[in-house]
Engineer: 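Handing you this structure, nothing more for now.
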Amino acid sequence: MLEVVKLKKSIISMTDLTPQNLEVIFEQTRALKARIKKHENIDTLSGQVWGLLFEKPSTRTRTSFQTAVLRLNGEAIYLPSSGMQLSRGEPVRDTARILGGYLDGIIARVYDHKTVVDLEQYAGVPVINGLSDLGHPTQIVCDLFTLLENKGTLQGLTLTFIGDGNNVCNSLLLGTAMVGMNMNVACPKGYEPDMTIVAKAQEIAAKTGAKITIMHDPIEAARGADVLYTDVWVSMGEEAEKEKRLHDFKGYQINAGLLKVAAHDAVVMHCLPAHRGLEITDDVIEGPQSIVWQQGENKLYGAVGILSFIQGVGH
Ligand code: CP
Ligand code: NVA
């Protein structure tokens, strides 16, 4: 029988979790995935109402978290910021205090990372970062679970990220370091991941035995890697830089040639949405080494695992 403790825990960055927390979440995710697939009734969020406050579009994060709340017998309300007074200048902290009085938890997707930090500071209920300009922690929790399903163990694997040192790359750096995975980043000059996050990830890696290398040559970075991972060249909010980015990122593509230099049993991941012919080729994303669709499906089960963890299940 699992002991249930109210944690009221927020996840704004990967560093809000410990490696032990991740193990609990993976265990919950695995168990709940099996139960949901059998259509079992799960009451973890019974009587709770969660809000999904989104400033940007989303297919996976929104639908997976909304479905996860419903699967756990809670209620979920979608709150696009365009329909709220936020869009007319109401301060985030005022919005946070009001929503916190109505809701049991908030999943937020924002442009400026400070928005999700302020939400968490003023809401008084758990806040989950569903992507900011600085990080995408829940994506990485789900992705590490997907890798665990495929590889059986994470410690000692090498993940190579090809492309933009963006929000996804930042959270991957922290997440891989926490579980003892090595990470190579190959990005064009000027598109390196956030240096404060790299320093934090190095500090974590020193404890778990992981190695982090930031470089500019995709072939060197991919050599022998167990996982090749990429993300879009133009993130949400960067549309004005599109032409420059399409030029600067040429060559930073996961294609059959790059896959050849990786380990023979390497897997390919992409957080999606994907742009075939840009950061990844069609043959690779549709090919036998791609685990992208399993990765996408697991966003639901990871969300369920994360919500259960926040409720204290499994502690
Ligand atoms: N990977 C991801 O976060 O996808 P969405 O933008 O569709 O939520
Ligand atoms: N880096 C991308 C991730 C999308 C899930 C973006 O921020 O648009």
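Along the sequence shown, residues carry numbers from 1. Atoms within a ligand are numbered from 1 in the order they appear, just like the ligands themselves. As a basis for the values below, the full set of heavy atoms in this structure was taken, side chains included, without hydrogen atoms, waters or symmetry mates.
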Engineer: When you check the gap from the basic side-chain N to the acidic O, do Arg245 and Glu279 get nearer than 4.0 Å?
Structural biologist: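 Glu279 and Arg245: not salt-bridged.
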Engineer: Could you go through ligand 2 and list every pair where one of its N or O atoms sits under 3.5 Å from a protein N or O, giving the atom names and the distance to one decimal?
Structural biologist:
unit_1   : atom_1 : unit_2 : atom_2 : d
ligand 2 : 1 (N)  : Asn166 : ND2    : 3.2
ligand 2 : 1 (N)  : Asn167 : OD1    : 2.9
ligand 2 : 1 (N)  : Asp231 : OD2    : 2.6
ligand 2 : 1 (N)  : Ser235 : OG     : 2.7
ligand 2 : 7 (O)  : Asn167 : ND2    : 2.8
ligand 2 : 7 (O)  : Ser235 : OG     : 3.4
ligand 2 : 8 (O)  : Met236 : N      : 2.8

Engineer: I would like to know whether Ser10 and Glu120 meet side chain to side chain donor-acceptor pair (under 3.5 Å); could you show each step before the answer?
Structural biologist: CA-CA 7 Å; Ser10 293; Glu120 134 70 20; 2.4 Å; yes
Engineer: Any non-hydrogen side-chain atom of Arg109 less than 4.5 Å from a side-chain atom of His136?
Structural biologist: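 They are in contact (side-chain heavy atoms under 4.5 Å apart), so the answer is yes.
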Engineer: Under a strict 4.0 Å criterion on non-hydrogen atoms, which protein residues are in contact with ligand 1?
Structural biologist: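 The 4.0 Å shell around ligand 1 contains Ser58, Thr59, Arg60, Thr61, Arg109, His136, Gln139, Cys271, Leu272, Lys299.
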Engineer: Check this for me: does any side-chain nitrogen of one of Glu203 and Lys200 sit under 4.0 Å from a carboxylate oxygen of the other?
Structural biologist: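 Looking at Glu203 and Lys200, the cut-off is met.
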Engineer: Are Tyr191 and Phe249 an aromatic pair, judged by ring center distance below 6.0 Å?
Structural biologist: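 Ring centroids of Phe249 and Tyr191 are less than 6.0 Å from each other.
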Engineer: Set out, in order, the CA-CA distance, both residues' side-chain angles and the distance that settles side chain to side chain donor-acceptor pair (under 3.5 Å) for Asp16 and Ser13, then state yes or no.
Structural biologist: CA-CA 6 Å; Asp16 289 324; Ser13 160; 5.4 Å; no
Engineer: Please determine whether the number of non-hydrogen atoms from other residues, nucleotides or ligands lying under 6.0 Å from atom CZ of Arg93 exceeds 12.
Structural biologist: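 Count not over threshold, so no.
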Engineer: Are any of the side-chain heavy atoms of Lys9 and Pro126 separated by less than 4.5 Å?
Structural biologist: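 Contact flag for Lys9/Pro126 side chains = no.
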Engineer: Would you sort out whether Glu238 and Lys56 count as a salt bridge (Lys or Arg N to Asp or Glu O under 4.0 Å), showing the intermediate values?
Structural biologist: CA-CA 12 Å; Glu238 297 173 341; Lys56 300 178 185 174; over 6 Å; no
